Colleague: 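Okay, here's the structure, questions in a sec.
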Amino acid sequence: MIDLELPLNKRTKLYRFFEILPGFLSYGMVILLFVLAMLSPLAAAVYLLLLIITMFVKASGIAFRSIMGHRRLVRAQCINWHARLAELEYPVRSYHAIVGVSSSGFEYDTHKENLRLVAADPSAFPKPSTLYQMVIIAAYNEAYDVLQPTIESVRHAHYNNQQTILVLAYEERGGVGIAETAKRLRDEYSDVFLSFETIMHPDGLSDEIPSGKGPNITFAGHRMKEWCKKRRIDYSNVIITTLDADNRPHPSYFDYVAYEYIVHEDRKRLSYQPISLYFGNIWDAPAPMRVIATGNSFWTIISAMRPHTLRNFAAHSQPMDALVEMNFWSKRSIVEDGHQYWRSYFYYGGNYSVVPIHVPIYQDAVMSDTYRKTLVAQFKQLRRWGYGASDIPYVATRLFTKKRNVPFFEGLARFLRLVDSHVTLAGMAILVTFGGWVPLLVNSEASRNYAAHMLPDVVSQIQRVAMIGLFITIILTLRMLPSRPSHHKRRRMVWIILQWILIPVTSIGYGSLAAYNAQTHLMTGKYLDTFDVTEKATLASRARAKEQRSSAKK
């Protein structure tokens, strides 16, 4: 079997070189501006303008894809995926029933074509009645009022509950509380699904990072592999979806995934990526967290509109037979979701893709029991995501070798996009915000150079034009927000709009600095090998914590 594992201890010199590379480039793009400013203010101005114009072009594409992605999201949620999936049970009859029906849009034409292909050779496609949805919910020490809504969302999905296997995978390190919560939930929902399994991931197992999601769901995956084997359920008939404790899938999600799984003949080499919307507690979260959560939501919407660059992120689905062959997920990475893309890509020799699922899985913005803890938790979460830069040496050492098993130029394009995304995340916000003043501050001759002297004004004008993208985001956000909870007054909407003045703070204080922190750890060999679990507080848990603090003071 091909080696898919990350190195646990000593790295080769080549591997270390590519671990250093993202940090070197991220720091270098900022340092280069200062060096050029001291040597030639004109060169510094040209360099910065090229970077900003490149960013402006990207921002224009982002604005366009935000609009198109939002439209696709709205349309996909209006489609009756349950009915379309049911039509695949008897494809010949279903196709003859609609063959003369006039089309009602691109999605319907696509469905009609899918039915035609399945009807041409029904034996080549699995029937919906033979498929099972296995939902693995990863938990650490979350409270009942966090986990129960997630399970309820699976329960009330349109997919047949008797074809759903729910697995609550929790950590022994989570303590007695999570074990009791798991038992309570199993007792409440044991008759709802085909099966409700609770699996405790033991603490201190070798060859894995402490308390990571990857080790937890992999341990559960192996247990469920044996569960399916005993019941003679074919792995290829099981689609596994991994959820965090606070994830709530759209009611059509599992029908949509099953539909796409059936109509794609190369289904084993595909995974399925929904749109993550961090709107679950958006009205209750602090303003900086709302800005970050909204930005992350639009990032997933935009990513879904570019299938050739789409990667696994957060909650996603993949066939069990593929996961069994690959030994499930990485037990050594704190970013097991994004890393799973690369594991799959190299396992299948480049013949692997991610299918966008244009309905949401709702998640919560970061919110802890206190404001300070929330700020810290948000930084740690973004630092963990930024540690996806650890995939750069993983990809490079498998691409730049004679033992390469993927097409070189295709792999190179993916590698360059991977590097660019992490370097841009770290350095660009700082350069766009402050870069225009650098030549004037570090070189006394710059004030006599017309280009350097006008640079702050030019950058400011470009930023004003780029504000169009921000206005688009605000408008779409207002259309996507869940209904205002009764405990918030109407004036809360004013703060929802005014929160966007925090973008410079969040983009630099969280986006850039979190990315630099992660890349510095990787660069210096001080690896982030412990999974920082993001605390998932609710209004109830915050009230309980407040009462406890008040009691402690007394």
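Computed from a predicted structure; not experimentally measured. Note: hydrogens, waters and symmetry copies are ignored here, and every other heavy atom, side chains too, is used.
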Colleague: Check ring pair (Phe, Tyr, Trp, His ring centres under 6.0 Å) between His158 and all other residues, then give those that pass, not counting sequence neighbours.
Modeller: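 Not a single residue meets the ring pair (Phe, Tyr, Trp, His ring centres under 6.0 Å) criterion with His158.
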
Colleague: Taking salt bridge (Lys or Arg N to Asp or Glu O under 4.0 Å) as the cut-off, I'd like each qualifying pair that reaches into residues 350-359, sequence neighbours left out, listed once.
Modeller: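 Residue pairs with at least one partner in residues 350-359: there are none.
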
Colleague: Which donor-acceptor pairs under 3.5 Å do the side chains of residues 190-197 make with protein atoms, sequence neighbours left out?
Modeller:
| unit_1 | atom_1 | unit_2 | atom_2 | d |
| --- | --- | --- | --- | --- |
| Ser195 | OG | Glu197 | OE2 | 2.5 |
| Glu197 | OE2 | Trp227 | NE1 | 3.4 |

Colleague: Tell me, with the steps shown, if Asp337 and Arg311 meet salt bridge (Lys or Arg N to Asp or Glu O under 4.0 Å).
Modeller: CA-CA 9 Å; Asp337 47 1; Arg311 303 287 181 265; over 6 Å; no

Colleague: Measuring from Thr473:OG1 to His70:NE2, what's the distance to the nearest 0.5 Å?
Modeller: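 Reported value, rounded in 0.5 Å steps: 11.5 Å.
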
Colleague: Does Ser297 have any side chain to side chain contact (heavy atoms under 4.5 Å, CB included) partners at least two apart in sequence or in another chain, and if so, which?
Modeller: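 By the side chain to side chain contact (heavy atoms under 4.5 Å, CB included) rule, Ser297 matches Leu277, Tyr278, Phe279.
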
Colleague: Ignoring hydrogens and geometry, is there a side-chain-to-backbone donor-acceptor pair from Thr374 to Ser368 under 3.5 Å?
Modeller: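 Yes: the side chain of Thr374 pairs with the backbone of Ser368.
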
Colleague: Between the side chains of Glu325 and Tyr347, does any donor sit under 3.5 Å from an acceptor?
Modeller: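 Yes, Tyr347 and Glu325 have a side-chain donor paired with an acceptor closer than 3.5 Å.
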
Colleague: Do Tyr170 and Ile137 pass the side-chain contact (heavy atoms from CB on, under 4.5 Å) test, and can you show the C-alpha distance, the side-chain angles, and the key distance before you say yes or no?
Modeller: CA-CA 8 Å; Tyr170 66 95; Ile137 301 174; over 6 Å; no

Colleague: Is the side chain of Trp283 donor-acceptor paired with the backbone N or O of Pro482 at a distance under 3.5 Å, no angle test?
Modeller: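 Yes; judged by distance alone, with no hydrogens or angles, the pair exists.
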
Colleague: Any sub-3.5 Å donor-acceptor pair from Asn216's side-chain atoms to Ala169's backbone N or O?
Modeller: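 Present.
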
Colleague: Charged N to carboxylate O below 4.0 Å: is that the case for Glu226 and Lys230?
Modeller: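 A salt bridge is absent here (no side-chain N lies under 4.0 Å from a carboxylate O).
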
Colleague: Minimum heavy-atom separation for Arg267 and Pro319, please, with both atom names.
Modeller: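 Closest pair (atom of Arg267, atom of Pro319, distance): O-CG, 3.4 Å.
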
Colleague: Does the His264 side chain pair with the main chain of Asp266, one donor and one acceptor, at a distance under 3.5 Å?
Modeller: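 Checking the backbone N and O of Asp266 against the side chain of His264, no donor-acceptor pair under 3.5 Å is found.
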
Colleague: Which residue pairs pass the salt bridge (Lys or Arg N to Asp or Glu O under 4.0 Å) test with at least one member in residues 247-260, sequence neighbours excluded?
Modeller: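 Applying salt bridge (Lys or Arg N to Asp or Glu O under 4.0 Å) to every pair that reaches into residues 247-260, excluding sequence neighbours, yields Arg248-Asp364.
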
Colleague: Heavy-atom count check: over 12 atoms from other residues, nucleotides or ligands less than 6.0 Å from Arg11 CZ?
Modeller: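 Counting neighbours around CZ of Arg11, more than 12 heavy atoms of other residues, nucleotides or ligands fall under 6.0 Å, so yes.
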
Colleague: What closest approach, in Å, do Leu528 and Ala518 show between heavy atoms, and which atom pair accounts for it?
Modeller: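 Taking every non-hydrogen atom into account, CD1-CA, 4.4 Å.
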
Colleague: Cut-off 3.5 Å, side chains only: do Thr150 and Asn247 have a donor facing an acceptor?
Modeller: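 Short answer, no.
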
Colleague: Looking at residues at least two apart in the chain, or sitting in another chain, which of them share a side chain to side chain contact (heavy atoms under 4.5 Å, CB included) with Leu205?
Modeller: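 Once residues adjacent in sequence are excluded, the partners of Leu205 under the side chain to side chain contact (heavy atoms under 4.5 Å, CB included) criterion are His201, Pro202, Glu208, Phe219.
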
Colleague: So do Ser94 and Leu88 actually touch side chain to side chain, heavy atoms under 4.5 Å?
Modeller: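 In short, these two side chains do not touch, never coming nearer than 4.5 Å.
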
Colleague: Please determine, by modelled atom types, if Tyr341 and Gln273 share a side-chain donor-acceptor pair under 3.5 angstrom.
Modeller: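 Side-chain D/A pair, Tyr341 to Gln273: absent.
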
Colleague: Measure from the side-chain N and O atoms of Arg93 to the backbone N and O of Tyr90, and report whether any donor-acceptor pair falls under 3.5 Å.
Modeller: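 Not a single qualifying donor-acceptor pair exists.
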
Colleague: Is it the case that the side chains of Gln363 and Ser276 hold a donor-acceptor pair, with the cut-off being a distance below 3.5 Å and no angle test?
Modeller: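 Checked: Ser276/Gln363 side chains pair up, N/O donor to acceptor below 3.5 Å.
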
Colleague: Report the residues that fulfil side-chain hydrogen bond (donor to acceptor under 3.5 Å, both in side chains) with His316, sequence neighbours left out, ordered by chain and then residue number.
Modeller: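 So His316 forms no side-chain hydrogen bond (donor to acceptor under 3.5 Å, both in side chains) with any residue.
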
Colleague: When you check the gap from the basic side-chain N to the acidic O, do Glu152 and Arg155 get nearer than 4.0 Å?
Modeller: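 A salt bridge links Glu152 with Arg155.
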
Colleague: Residues two or more places apart in sequence or in another chain: which of them pass side chain to side chain contact (heavy atoms under 4.5 Å, CB included) with Thr130?
Modeller: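 Applying side chain to side chain contact (heavy atoms under 4.5 Å, CB included) to Thr130 gives Pro126, Lys127, Asn237.
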
Colleague: Quick one: do Lys213 and Asp244 make a salt bridge, cutoff under 4.0 Å?
Modeller: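 A salt bridge is present here (some side-chain N lies under 4.0 Å from a carboxylate O).
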
Colleague: With distance as the sole criterion, is a donor-acceptor pair present between the side chains of Glu89 and Ser129 under 3.5 Å?
Modeller: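 A pair is found: one side chain offers a donor N or O, the other an acceptor, under 3.5 Å apart.
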
Colleague: If you look only at pairs with a residue in residues 476-487, which of them pass as a side chain to side chain donor-acceptor pair (under 3.5 Å), with sequence neighbours excluded?
Modeller: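 Pairs touching residues 476-487 that pass the test: Asp284-His487.
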
Colleague: Can a salt bridge be assigned to the pair Glu5 and Lys331 using a cut-off of 4.0 Å between side-chain N and carboxylate O?
Modeller: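 Not counted as a salt bridge, because no side-chain N and carboxylate O are separated by less than 4.0 Å.
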
Colleague: Show the nearest heavy-atom pair for residues Phe125 and Asp121, with the distance to one decimal.
Modeller: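 Smallest interatomic distance, heavy atoms only, reads CD1-O, 3.3 Å.
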
Colleague: Sorted by first residue and then second, give each salt bridge (Lys or Arg N to Asp or Glu O under 4.0 Å) pair with at least one member in residues 294-308; sequence neighbours left out.
Modeller: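 Output for this query is empty, none listed.
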
Colleague: Is any side-chain N of the basic residue among Arg184 and Asp187 closer than 4.0 Å to the acidic one's carboxylate O?
Modeller: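 Looking at Asp187 together with Arg184, the answer is no, because their closest N to O distance does not fall below 4.0 Å.
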
Colleague: Hey, is the main chain of Lys526 close enough, under 3.5 Å, to the side chain of His521 for a donor-acceptor pair?
Modeller: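 Yes: the side chain of His521 pairs with the backbone of Lys526.
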
Colleague: Grab the two heavy atoms, one from Pro122 and one from Pro91, that are nearest each other, plus how far apart they are.
Modeller: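 Closest pair (atom of Pro122, atom of Pro91, distance): CB-CG, 4.1 Å.
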
Colleague: Do you see a donor-acceptor pair shorter than 3.5 Å between the side chains of Asn327 and His222?
Modeller: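 Present: a donor and an acceptor within the cut-off.
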
Colleague: How long is the gap from OG1 on Thr294 to CE on Met480, to the nearest 0.5 Å?
Modeller: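 Spacing of OG1 (Thr294) from CE (Met480) equals 8.5 Å.
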
Colleague: Hey, is the main chain of Tyr352 close enough, under 3.5 Å, to the side chain of Arg269 for a donor-acceptor pair?
Modeller: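 Here the side-chain-to-backbone pair does not exist.
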
Colleague: Can Ser153 and Tyr362 be said to form a side chain to side chain donor-acceptor pair (under 3.5 Å), step by step?
Modeller: CA-CA 10 Å; Ser153 69; Tyr362 292 99; over 6 Å; no

Colleague: State the CE-CG distance between Met289 and Leu502, to the nearest 0.5 angstrom.
Modeller: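 One finds 9.5 Å between CE of Met289 and CG of Leu502.
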
Colleague: Under a 3.5 Å cutoff, is there a donor and acceptor pairing between the side chains of Ser390 and Tyr527?
Modeller: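 Note: Ser390 and Tyr527 side chains miss the donor-acceptor criterion.
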
Colleague: Taking all non-hydrogen atoms of both residues into account, name the closest pair between Ser236 and Asp321 and its distance.
Modeller: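 Taking Ser236 first and Asp321 second, the nearest heavy atoms are CB-OD2, 3.4 Å.
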
Colleague: Could Arg173 and Tyr140 be counted as a cation-pi pair, given that NZ or CZ must be under 6.0 Å from the ring centre and within 45° of the axis?
Modeller: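 Here Arg173 fails the 6.0 Å and 45° test against Tyr140.
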
Colleague: Applying side chain to side chain contact (heavy atoms under 4.5 Å, CB included), can you list everything that pairs with Ala157, at least two apart in sequence or on another chain?
Modeller: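 Only Phe254 meet the side chain to side chain contact (heavy atoms under 4.5 Å, CB included) criterion with Ala157.
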
Colleague: With sequence neighbours left out, what residues match Trp81 under ring pair (Phe, Tyr, Trp, His ring centres under 6.0 Å)?
Modeller: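 By the ring pair (Phe, Tyr, Trp, His ring centres under 6.0 Å) rule, Trp81 matches Tyr256, Tyr259.
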
Colleague: With Arg343 as the cation and Phe346 as the aromatic partner, state whether NZ or CZ is under 6.0 Å from the six-membered ring centre and within 45° of the axis.
Modeller: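 The answer is no; the distance or angle limit is not met.
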
Colleague: Do Gln148 and Glu188 meet the criterion of a side-chain donor-acceptor pair at a distance under 3.5 Å?
Modeller: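 No, because no side-chain N or O of Gln148 sits under 3.5 Å from a partner of the opposite role on Glu188.
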
Colleague: Ignoring hydrogens, what is the shortest heavy-atom contact between Pro356 and Ala304? Give both atom names and the distance.
Modeller: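 Residues Pro356 and Ala304, closest heavy atoms: CB-O, 3.7 Å.
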
